[in-house]
Amino acid sequence: MHAYRASLLRFDAAGQPVFDTDGLLVIGPDGQGRQRVQDAGAFAEVAARHPGAAVTHWPGRILAPGFVDMHIHFPQTDIIGAPADGLLPWLENYTFPAESRFADPAHSAEVAEVFFDELLRNGVTTSLTFATSHPQSVQAFFEAAQRRQLRMISGKVLQDRHSPDGVRDQTERSLTDTEALIRTWHNRDRLGYAITPRFAPTSTDAQLRGAGELAAKYPDTWIHSHVAENKDEVKWARELFPHARSYLDVYAGFGLMRERAVYAHCIHFDDDDRRLMRDTGTASAVSPTSNLFLGSGFFDFEGADRIGYRYGLASDVGGGTSFSPFATMLAAYYVGREGQTKPGVSIPPSQLWWRHTGGAARALGLDGVIGNLQPGCEADFLVIDPKATPLLARKTALANNLEELLFSLIVLGDDRLIERTVISQAG
Ligand code: GUN
Ligand code: ZN
């Protein structure tokens with residue numbers, strides 16, 4: 001048992017913040033040897049319950065749950081900031097050429113290490129992650145994640161049409177490769193598999209049908225794709241699938257909407273789409289830096305809340321412009337302002353934070369496992385230094401309450417805030 005004394009940020013079951021200025025986080029192994037939160041709360045109360053625990057004191061620091069990135073592409077690490085007119089030319093000119101290099105296992109392994117270094121420096125401890133269509137890329141990703149004992153989710157991209165040589169896969173083979181990867185990696189240590197059709201326009205009906213069959217056969221795997229990001233993409237999908245009610249409905253028709261299905265973007269939706277999300281337990285990965293960078297549009301937070309479906313925040317690197325959750329939360333705030341119909345602040349800072357931690361975990365079906373520091377959660381946590389820069393030191397000292405403190409961190413923060421990222425160890 002080990003205890004850490006500092007300020008402590010957690011969330012209650014309703015997603016509201018719980019903050020102890022002088023807090024104590026007690027970590028210890030469960031029956032399998034996995035490090036979990038054993039107790040958390042105000043120092044005086046919690047310390048009294050654990051008289052024997054060794055205490056590390058981090059004065060002036062904030063302990064917070066590791067961030068959860070609901071949608072990111074590890075093979076796009078090197079194409080952050082690639083300029084394009086919009087999604088489709090960006091894919092053709094930058095993304096597919098960069099991804100074709102992941103046929104090489106050595107390149108896949110090298111980029112996976114850079115990717116994990118970058119995630120951890122930025123305080124992201126779990127991500128739902130696109131690999132490429134090459135099984136080697138998934139293999140490299142999971143091997144590196146396993147060595148670091150991370151909770152990570154990924155999968156081989158399925159794209160058997162409208163894709164250039166070098167990234168296009170073959171229908172039958174893509175499905176047998178997917179099943180082999182599920183059997184090798186899903187639920188091994190803290191790793192999880194996501195069945196990953198790139199998006200409907202780049203898969204044949206046969207491939208989407210096969211993906212849906214695998215999703216039914218392995219019901220606790222994830223499903224991960226893109227939908228309704230860009231107007232040209234929506235038009236293309238409507239032409240390719242004229243019988244579906246909407247672009248989103250294409251996925252429903254192939255059995256690709258259920259709990260643990262996550263769709264990035266979800267911008268060009270109507271209320272029937274939102275109800276379909278809610279009724280199937282499907283979640284959105286909201287990626288505002290990407291949507292602003294590629295000129296895709298603005299996620300409708302009010303619409304999502306009005307209908308009541310699950311969503312969380314995501315970087316979407318390399319369409320997104322930063323690995324930093326602070327950049328993503330700030331962009332979400334701006335986008336929330338854009339769609340705002342009522343006066344007042346846009347999304348409250350603590351809600352932005354929850355959408356990138358506990359709320360994202362809930363949207364992934366990992367509530368109570370990651371994204372929070374309540375007892376029972378795996379011990380993936382951050383030590384945040386709110387005085388990491390001169391301006392942050394000045395500004396955070398002026399905060400009158402928790403919302404002001406969190407907002408200062410979101411607006412001014414970057415990887416310098418993350419003094420330490422602690423990963424739950426096993427055994
Ligand atoms: N739609 C299909 N593929 C992609 C991708 O790689 N990035 C984004 N942002 N959208 C996509
Ligand atoms: Zn994406």
Side-chain angles (χ1 to χ4, degrees), residues 69-102 111 115 127-134 137 153-164 166-169 194-203 207-208 211 222-238 240-241 247-248 250-251 256 261-268 283-299 311-323 328 331 335 360:
D69 191 327
M70 281 189 67
H71 173 71
I72 187 166
H73 300 250
F74 100 82
Q76 295 178 11
T77 300
D78 290 336
I79 57 158
I80 294 185
D85 275 356
L87 173 67
L88 301 177
W90 177 81
L91 286 172
E92 191 176 321
N93 295 325
Y94 291 101
T95 314
F96 293 153
E99 291 194 9
S100 69
R101 297 187 61 198
F102 288 73
V111 177
F115 175 80
S127 63
L128 175 60
T129 320
F130 262 62
T132 67
S133 57
H134 316 91
S137 70
I153 310 168
S154 188
K156 179 203 128 47
V157 175
L158 299 165
Q159 52 180 124
D160 66 349
R161 67 166 171 170
H162 298 142
S163 306
V167 294
R168 193 177 58 257
D169 60 11
I195 296 162
T196 309
R198 177 161 218 121
F199 61 159
T202 52
S203 285
Q207 193 175 49
L208 293 171
W222 283 266
I223 297 166
H224 188 194
S225 191
H226 299 90
V227 75
E229 174 178 8
N230 165 286
K231 286 198 168 139
D232 292 335
E233 170 217 12
V234 174
K235 184 163 169 282
W236 190 26
R238 303 292 287 125
L240 291 169
F241 300 94
Y247 179 6
L248 181 69
V250 172
Y251 295 112
L256 291 167
V262 177
Y263 288 85
H265 309 304
C266 304
I267 294 171
H268 306 287
S284 287
V286 182
S287 306
T289 74
S290 170
N291 300 155
L292 296 170
F293 182 71
L294 291 173
S296 303
F298 305 99
F299 180 79
Y311 64 91
L313 295 179
S315 67
D316 191 30
V317 160
T321 51
S322 176
F323 278 85
T328 301
V335 168

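Every number for a ligand or one of its atoms is a count from 1 in the order of the listing.
The single protein non-hydrogen atom nearest to atom 7 (N) of ligand 1 is W90 CZ3, 3.4 Å, given as residue, atom name and distance. If you check which protein heavy atom lies closest to atom 10 (N) of ligand 1, you get E229 OE1, 2.7 Å. Nearest non-hydrogen protein atom to atom 4 (C) of ligand 1 is H226 CE1, 3.4 Å.
Considering only heavy atoms from C-beta on, S127 stays 4.5 Å or farther from F74 through its side chain. Under the 4.5 Å side-chain criterion, counting only non-hydrogen atoms from C-beta, L256 is in contact with Y263. The shortest side-chain heavy-atom distance between T77 and F323 falls under the 4.5 Å cut-off.
Between D169 and the options Q159, R161, H134, Q207, a side-chain hydrogen bond (donor to acceptor under 3.5 Å, both in side chains) holds for only Q207. Screening K235, R238, E233 against Y247 for a side-chain hydrogen bond (donor to acceptor under 3.5 Å, both in side chains) leaves a single residue, E233.
Annotation: protein N, O or S atoms under 2.8 Å of the Zn ion (ligand 2) (waters excluded) comprise H71 NE2, H73 NE2, H226 NE2, D316 OD1.
Here Q76 has side-chain heavy atoms under 4.0 Å from ligand 1, and that is the only part of it that gets that close.
Put simply, NE2 on H162 and CG on L88 are 11.5 Å apart, with the number rounded to the nearest 0.5 Å. Distance check, rounded to the nearest 0.5 Å: CG of N291 to CD of E229 gives 6.5 Å.
Below 4.0 Å from some heavy atom of L87 lie the following atoms of ligand 1, by number and element: 8 (C), 10 (N), 11 (C). Shown in contact with H73 at under 4.0 Å from a heavy atom are these atoms of ligand 1, numbered in order with element: 5 (C), 6 (O), 7 (N). Heavy-atom proximity to H265, at under 4.0 Å, picks out these atoms of ligand 1: 9 (N).
By the 3.5 Å distance cut-off applied to N or O atoms, R198 is counted among the residues near ligand 1. Checking only distances, D316 does come within under 3.5 Å of ligand 1, N or O to N or O. The shortest N/O to N/O separation between T95 and ligand 1 does not fall below 3.5 Å.
The aromatic rings of H73 and H71 lie perpendicular to each other, with more than 60° between the two planes, well past the 30° mark.
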Working for salt bridge (Lys or Arg N to Asp or Glu O under 4.0 Å), residues D78 and R101: CA-CA 11 Å; D78 290 336; R101 297 187 61 198; 5.3 Å; no
Before giving the answer on side-chain hydrogen bond (donor to acceptor under 3.5 Å, both in side chains), spell out for S287 and D316 the whole-Å C-alpha distance, their side-chain angles and the decisive distance to 0.1 Å. CA-CA 6 Å; S287 306; D316 191 30; 4.8 Å; no
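With ring centers used as reference points, F199 lies 6.0 Å or more from H265.
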